[in-house]
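All values derive from a computational prediction rather than experimental measurement.
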Amino acid sequence: MGDDGGGAVTRRWLESAKKVVWIGQKDARIYYFKGPNVTFGLFLPLVLYWAFALDRDIALAQVIPGLIAVAIFFGAGAIQAISLPLERRTGTLHTLLATPVTLPIVVIGKTLAGLIFGVILAAAYMVVAMLFLSFRPNIISFGLGVLLSAFCFSGFGLCLAAPFRDVPQAMPPATVVRIFIVFLSGAFAPLGDGSGIWTAIARLSPLTYSIDALYAAVAGPTSIAHSLLQWGVLFVYGLLFLGITLRVLGRQEI
């Protein structure tokens with residue numbers, strides 16, 4: 001009996017995992033891997049860097065970890081402000097939930113799509129930087145930082161999009177919040193350059209911990225506890241964002 005019960009649980013988990021992967025593949029194919037979205041994910045961080053570095057002595061090679069963090073930040077989460085409200089407005093999400101699929105499975109599947117896109121953008125930046133800018137990170141630490149950042153930022157994108165039912169409602173506030181966080185979080189300049197209050201606020205930003213984690217993978221962490229802190233904060237933030245998303249969607253009529 002115990003074995004049968006364990007087998008049933010395993011089968012349920014496998015079925016749930018298959019549904020998560022299917023939803024992730026569907027979102028990746030429909031929303032993410034399109035020419036304009038790939039171009040947006042690759043070039044927007046560079047545009048933001050050039051806007052910030054104008055008339056400042058900030059070499060591109062010095063901010064590669066920050067650029068990669070920003071690429072993940074926008075790539076993993078920005079398209080959620082399109083996919084989730086659009087599916088709510090057209091009734092696609094309601095139809096999906098009418099099948100044997102639960103809301104947590106849908107949310108995790110959508111998170112997976114953003115995570116994959118963010119990781120691929122980060123990999124593209126890393127390969128170019130390693131080829132042309134002598135970028136030599138610790139691959140394991142850097143990969144873990146990228147993975148947890150993509151998970152966190154994909155959840156953040158869903159969290160920002162969850163209250164809205166239409167794309168024009170969701171996009172403006174989500175874009176403003178992201179731009180504010182980018183320039184607050186030390187992507188292109190050390191946090192120490194800001195005033196005390198802004199530095200304290202920046203320490204609440206998940207992007208700050210992503211940038212710190214990626215820089216530590218390049219320069220080496222001051223201690224293993226430093227890297228564990230960055231990774232742990234990103235993971236907890238990701239879970240928090242998914243929890244908020246589920247609560248918001250669960251309290252609204254899909």
Side-chain angles (χ1 to χ4, degrees), residues 13-45 47 68 70-125 146-179 238-239 241-250 252-254:
W13 275 100
L14 288 175
E15 285 300 316
S16 296
K18 289 178 183 178
K19 293 171 185 177
V20 165
V21 171
W22 181 85
I23 292 171
Q25 288 177 336
K26 182 264 298 179
D27 272 29
R29 183 181 69 255
I30 295 175
Y31 300 112
Y32 287 88
F33 290 95
K34 304 291 186 181
N37 293 336
V38 174
T39 302
F40 171 85
L42 289 174
F43 288 101
L44 180 63
V47 171
I68 293 175
V70 172
I72 302 169
F73 186 56
F74 280 94
I79 299 174
Q80 311 281 20
I82 298 173
S83 64
L84 185 58
L86 181 62
E87 292 193 355
R88 295 183 70 187
R89 181 176 61 82
T90 59
T92 305
L93 188 58
H94 186 275
T95 301
L96 188 61
L97 291 173
T99 66
V101 174
T102 63
L103 183 59
I105 287 176
V106 172
V107 169
I108 295 172
K110 288 184 171 296
T111 302
L112 178 63
L115 184 154
I116 292 171
F117 192 64
V119 168
I120 289 175
L121 290 180
Y125 265 96
V146 166
L147 188 66
L148 289 170
S149 297
F151 165 68
C152 177
F153 299 152
S154 185
F156 182 61
L158 283 171
C159 184
L160 289 179
F164 303 102
R165 293 178 176 276
D166 212 351
V167 175
Q169 295 176 340
M171 284 296 291
T175 301
V176 169
V177 168
R178 285 192 180 87
I179 295 294
L239 293 179
F241 294 141
L242 293 186
I244 294 173
T245 301
L246 287 169
R247 185 165 183 82
V248 171
L249 292 177
Q252 296 180 352
E253 183 180 350
I254 299 296

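- Between A170 and A81, the shortest heavy-atom distance links the atoms CB-O, 3.6 Å.
- Side chain of R88 to main chain of F164: a donor-acceptor pair is present (N/O by atom type, distance under 3.5 Å, no hydrogens or angles).
- Residues F156 and V177 are in side-chain contact: their nearest non-hydrogen atoms beyond the backbone lie under 4.5 Å apart.
- Here the side chains of D166 and P85 are not in contact, with every heavy-atom distance at 4.5 Å or above.
- If you take CD1 on I79 and OG on S154, they are separated by 10.0 Å, rounding to the nearest 0.5 Å.
- Between I23 and L112, the closest side-chain pair of non-hydrogen atoms is not below 4.5 Å.
- In this structure T175 satisfies the side-chain hydrogen bond (donor to acceptor under 3.5 Å, both in side chains) test with no other residue, sequence neighbours excluded.
- When all heavy atoms of I105 and V101 are compared, the pair lying nearest together is CG2-CG1, 3.9 Å.
- The side chain to side chain donor-acceptor pair (under 3.5 Å) pairs that include a residue from residues 34-43 number zero, where partners must be two or more places apart or lie in different chains.
- Scanning for side-chain contact (heavy atoms from CB on, under 4.5 Å) contacts around I120 gives F33, I116, with sequence neighbours left out.
- By the side-chain contact (heavy atoms from CB on, under 4.5 Å) test, P104 is found to be paired with T102, L246, residues two or more places apart in sequence or in another chain being considered.
- Contact of the V106 side chain with the L249 side chain is not registered, since no non-hydrogen atoms from C-beta on lie closer than 4.5 Å.
- Under the ring-ring contact (aromatic ring centres under 6.0 Å, His included) criterion, F74 pairs with no residue at all, not counting sequence neighbours.
- Applying the ring-ring contact (aromatic ring centres under 6.0 Å, His included) rule to Y32 yields the partners F117; only residues at least two apart in sequence or on another chain are considered.
- Across every non-hydrogen atom of I82 and V167, the tightest pair is O-CG2, 3.7 Å.
- Applying the side chain to side chain donor-acceptor pair (under 3.5 Å) test to residues at least two apart or on different chains, none of the pairs has a partner in residues 112-122.
- Residues C159 and F241 approach most closely at CB-O, 3.9 Å, considering heavy atoms.
- Applying the side-chain contact (heavy atoms from CB on, under 4.5 Å) rule to L42 yields the partners V38, L121, A124, Y125; only residues at least two apart in sequence or on another chain are considered.
- Remark: V119 pairs with L115, V146, L147, A150 by the side-chain contact (heavy atoms from CB on, under 4.5 Å) rule, at least two apart or across chains.
- Screening residues 106-120 for side chain to side chain donor-acceptor pair (under 3.5 Å) gives D27-K110, E87-K110 as the qualifying pairs, with residues at least two apart or on separate chains.
- Contact between G155 and L242 at its shortest, heavy atoms only, is CA-CD2, 3.8 Å.
- When every heavy atom of L158 is checked against every heavy atom of V107, the shortest pair comes out as CD1-O, 3.6 Å.
- The CG atom of L160 sits 9.5 Å away from atom CD1 of I244, with the distance rounded to the nearest 0.5 Å.
- At distances below 3.5 Å, not a single donor-acceptor pair connects side-chain atoms of K26 with backbone N or O atoms of G109.
- Atom CE in M171 sits 7.5 Å away from atom CZ in R178 (nearest 0.5 Å).
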